[in-house]
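In what follows, chains carry the letters A, B, and so on, assigned in the order in which the sequence lines appear, proteins first and then strands, with residues in each chain numbered from 1. Only this structure's heavy atoms are used, side chains among them; waters, hydrogens and symmetry mates stay out.
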Amino acid sequence: MTKVFIGVAWPYANGVIHLGHLAGSLLPPDIFRRYNLLKGNDVLMVSGSDQHGTPITLTAERQGVGPEEVAETFHRINSKAIEDMGISFSLFTKTHNPNHTEVVHDIFNVLRSKDLLYTRQTMQYFCQACDRFLPDRYVEGSCPKCACSNARADQCDECGTTFEVGEIKDGRCIHCEGCPEVRETEHFFLRLNEFQERLLSYLEGKDHWRPSVKTFTRNWLEGGLQDRAITRDMDWGVPVPLDGWDGKVIYVWFEAVIGYLAASKEYSSLIGEPDLWERYWKDDSARHYYFLGKDNIPFHSIIWPAILMGYGGLHLPDEIPANEYLTTKGGKLSKSRGTSIDLPSVLAEYHPDLIRYYLSINMPDHRDSEFSWPDFMTKVNNELVAELGNYYHRVLSFTRKNFGKIPEAEEADLVEVRDEVAKAFQETSRLLDDCDFKKAMKSVMELARFGNRYFDSVKPWALVKQDRVACGKVLHANLEIVRGLAIMASPFLPFSSAEVWGYLGFESSLEDAGWDGHRVPLPVGQGLKDPVPVFRKVEIEVEEPIDQGFSDFRRLELKVGEIKSVCDHPDADKLYVMQLDTGEERQVVAGLKSHYSPEDLTGKKVVVVCNLKPAKLRGVESKGMVLAADDEKLGGEGVRLLTPSDDLPNGTPVDCGLEIGGGKLDYKDFQKVDMKVFNLLKGQETVSGMVLETPPDADSNLALVCDDGKARILMAADVAITIDGDLKDGATVR
RNA sequence: AGCGGGGUGGGGUAGCCAGGAUAUCCCGUCGGGCUCAUAACCCGGAGACCGGUCGUUCAAAUCGACCCCCCGCUACCA
């Protein structure tokens with residue numbers, strides 16, 4: 001019997017958990033836990049809500065409530081959803097609780113006594129009006145680099161510049177709009193740097209770690225470890241256990257991981273065996289597994305081991321099977337069904353085993369995988385229901401109907417079946433031991449397929465009419481497969497497996513039978529229960545996308561604009577900052593410096609993308625972009641502007657006669673639009689393999705919008721847009 | 001543009017790190033069987049020059065180089 005400790009990354013109590021959490025860090029450990037319990041191992045699995053930190057206080061302020069209320073609300077919602085999904089822990093607790101505080105304090109004190117913590121003065125914003133220190137995110141001001149006026153105090157979102165405290169100009173408290181001062185404040189730092197060597201040698205024994213975990217950790221370590229501040233000036237969190245440190249708390253990245261130990265101790269107390277945790281944490285032969293998403297790797301492969309090493313005498317992580325991400329791009333759904341993938345809504349709609357199946361068979365364990373409802377439907381209906389569910393049901397219902405109980409066996413019949421079942425168990429076992437869950441699930445499904453094949457080959461429906469006894473024998477063999485499947489699938493699909501177990505007539509639980517329960521002969525004569533299919537097919541309406549062509553272009557809002565003034569970007573070699581008139585004033589930053597002089601540009605009519613999300617380029621805000629064509633990739637060297645006729649008033653839409661949708665666009669969306677420049681002849685109907693839906697009425701260089709073999713000339717109010725220079729055919733517009 | 005991850009029959013995928021004979025599985029499609037079962041199950045067929053080129057090798061989806069395309073993050077992309 002192995003002692004297995006399973007730590008599960010703590011979901012942050014600032015929102016409702018969704019399928020990404022489930023696939024990434026919750027379902028894998030639950031499968032692993034259930035498997036280990038079946039194997040008879042001694043499992044302790046803990047997690048809880050991570051309730052501290054700045055984001056929660058921000059949510060709380062926005063809602064006008066205290067942080068504890070926010071943290072408790074989400075803790076409640078998430079605990080319920082996790083439980084409903086069949087994920088069970090020895091203890092799922094939370095960080096805002098006295099036990100957690102006590103354990104964090106103990107670790108803090110021990111590390112401090114070993115001189116692994118030290119204090120240092122740092123500068124921090126302080127708001128007199130609010131009478132408190134402000135985290136960087138609470139302060140906004142203008143960026144000294146890009147002149148953006150609402151940069152956060154730690155980093156300018158526009159130009160990406162990061163700031164030290166005090167660097168930002170005209171800082172203001174986002175809470176009271178007051179002007180914060182910079183004060184000196186004292187914080188504790190962890191001597192992470194001291195652990196560099198020990199961590200490197202710890203990593204050396206971990207060759208079998210998943211490449212992403214190993215590589216990432218090694219890069220971090222080889223990049224050198226910086227000491228990190230582990231306290232913050234705020235009230236919401238674990239207080240610093242020292243006099244004179246009021247108003248400071250231990251910061252979440254240090255505190256939350258300690259939850260693994262704290263929860264282990266809390267569980268021990270709760271069940272009345274206060275020393276129980278030591279069996280897992282102070283035993284070298286125990287195995288410690290941590291399940292988390294890839295964003296969480298360094299906290300578990302570097303910081304937590306460092307803390308444990310510093311404290312001493314506690315077991316370090318053995319395995320960190322970090323998952324990649326579950327992405328959710330595809331699969332548009334009808335509105336009635338909703339597209340949300342947060343756990344409570346998904347559970348309201350579907351049986352947990354269906355979700356568990358799909359996420360298991362599609363688990364992002366070695367690479368990102370995509371979640372889509374149509375795919376969910378296909379896999380559930382054609383695999384889970386049709387193969388596994390149908391096999392359960394055809395065997396159980398047929399046997400029940402014709403025999404009512406488990407019929408006599410014939411050893412000779414069982415040889416092949418038992419061999420197949422045993423092989424499947426062996427294979428699944430091996431994969432589960434390696435935390436290779438997706439493949440393990442597939443291996444279960446293979447046995448289901450074998451079952452169907454076997455059932456067909458022995459034809460019990462025919463046999464029952466000719467030789468009732470022989471029929472009973474092959475059914476007995478099929479029941480063995482059913483039982484094997486129920487056991488083998490139960491870590492993944494606990495609810496349906498338990499149901500099947502009941503239909504087989506067992507009084508004791510599947511868990512009692514254990515992983516090796518398939519080796520025991522089935523009790524002949526045991527009464528079968530009337531089975532009900534354990535899975536039902538799901539029906540999901542998928543919205544048909546309506547393609548009218550030029551769909552990318554239609555999202556673009558282009559207008560005629562005039563360049564009013566041009567000046568150099570204060571902090572970039574290639575950029576101009578231009579003021580435009582597009583019917584309204586508009587500042588645009590453009591990379592035209594190496595192609596046009598300010599004099600060339602001033603007064604020019606141009607085509608402007610008006611519905612791009614504003615962005616800061618090198619610190620200066622840009623609200624749109626000026627279209628230009630570029631033939632450098634074709635061997636030319638020109639970047640030439642698209643120039644509408646001077647007669648067109650500013651603000652004239654450039655829509656090619658197409659209906660234009662609204663909405664703000666990302667730059668990325670703009671890039672999807674395919675626009676090219678060609679020298680066209682009057683009346684020409686095709687170019688470069690594309691049909692011109694709007695043939696030109698004069699010879700000239702014109703810009704085209706292309707889409708799927710069709711093209712339209714870029715026009716504003718029936719006047720084609722020309723190019724102010726010669727470019728090679730096919731030059732791209734950007 | 002930089003970094004990371006990918007491109008495998010119509011769609012989705014396995015295999016790739018540790019190169020070898022008919023390239024996996026699911027869906028779809030075509031034909032057949034069966035009728036116990038949730039129009040489920042079973043058998044068979046068609047369909048892939050494994051993104052491209054060049055190289056290493058007796059042998060490449062798998063190793064190397066270069067290129068093209070897609071996705072994510074980042075950027076003096078506007």
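- The CG-C1' distance, from A:Asn362 to B:A14, rounds to 13 Å in whole Å.
- Atom CD1 of A:Ile361 is separated from atom C1' of B:G12 by 13 Å (rounded to the nearest Å).
- No side-chain heavy atom of A:Leu627 sits less than 4.5 Å from a side-chain heavy atom of A:Val606.
- A donor atom on one side chain and an acceptor atom on the other are found under 3.5 Å apart for A:Thr582 and A:Glu584.
- Atoms CG (A:Leu431) and P (B:G15) sit 11 Å apart, rounded to a whole Å.
- Put simply, the side chain of A:Thr722 gets close to the backbone of A:Thr643: a donor and an acceptor are under 3.5 Å apart.
- Rounded to whole Å, atom P of B:C25 lies 15 Å from atom NZ of A:Lys379.
- The P atoms of B:C42 and B:C26 are separated by 9 Å, rounded to the nearest whole Å.
- If you measure from atom CD of A:Glu383 to atom P of B:G12, you get 15 Å, rounded to the nearest angstrom.
- Look at CG on A:Asp436: it is 13 Å from C1' on B:G15, rounded to the nearest Å.
- For A:Glu539 and A:Lys537, the salt-bridge test fails: no basic side-chain N is under 4.0 Å from an acidic carboxylate O.
- Between the side chains of A:Tyr454 and A:Glu416, no donor-acceptor pair of N or O atoms lies under 3.5 Å.
- Base engagement by A:Gly624 is indicated by at least one non-hydrogen atom pair under 4.0 Å involving a base atom.
- Here the P atom of nucleotide B:U13 and the CE atom of A:Met441 are 19 Å apart, to the nearest Å.
- Rounding to whole angstrom units, CE of residue A:Met363 and P of B:A14 are separated by 14 Å.
- Comparing the same atom, P, in B:C73 and in B:C30 gives a spacing of 41 Å after rounding to whole Å.
- B:U22 and B:G6 have their C1' atoms separated by 28 Å, with the value rounded to a whole Å.
- Taking a cutoff of 4.0 Å between a charged side-chain nitrogen and a carboxylate oxygen, A:Lys604 and A:Asp600 do not qualify as a salt bridge.
- One P atom belongs to B:C67, the other to B:G28, and the distance between them is 42 Å to the nearest Å.
- Comparing the P positions of B:C49 and B:U38 gives an interatomic distance of 42 Å, to the nearest angstrom.
- Between A:Asp375 and A:Ala590, the one whose closest nucleotide on RNA chain B sits nearer the 5' end is A:Asp375.
- Going from the P atom of B:G72 to that of B:G55 covers 36 Å, rounded to whole Å.
- In this model, a donor atom of one side chain and an acceptor atom of the other lie less than 3.5 Å apart for A:Asn452 and A:Arg394.
- In RNA chain B, the stems built from three or more successive Watson-Crick or G-U pairs (distances below 3.5 Å) are B:1-7 with B:68-74, B:10-12 with B:25-27, B:29-33 with B:41-45, B:51-55 with B:63-67.
- Nucleotides B:U29 and B:G4 place their C1' atoms 38 Å apart, quoted to the nearest Å.
- Checked against a 6.0 Å centroid threshold, the rings of A:Phe376 and A:Tyr350 count as neighbours.
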Can you build the contact string for nucleotides 34-41 of chain B? Use B for base contact, S for sugar-phosphate-only contact, and - for no protein heavy atom under 4.0 Å. SSBBB-SB

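- Counted by atom type alone, A:Asn650 and A:Lys559 present zero donor-acceptor pairs between their side chains at under 3.5 Å.
- Spacing between B:C50 and B:U8 at atom P, rounded to whole Å, works out to 12 Å.
- Counting only residues at least two apart or in different chains, salt bridge (charged side-chain N to carboxylate O under 4.0 Å, His left out) contacts with residues 466-479 of chain A comprise A:Glu410-A:Lys473.
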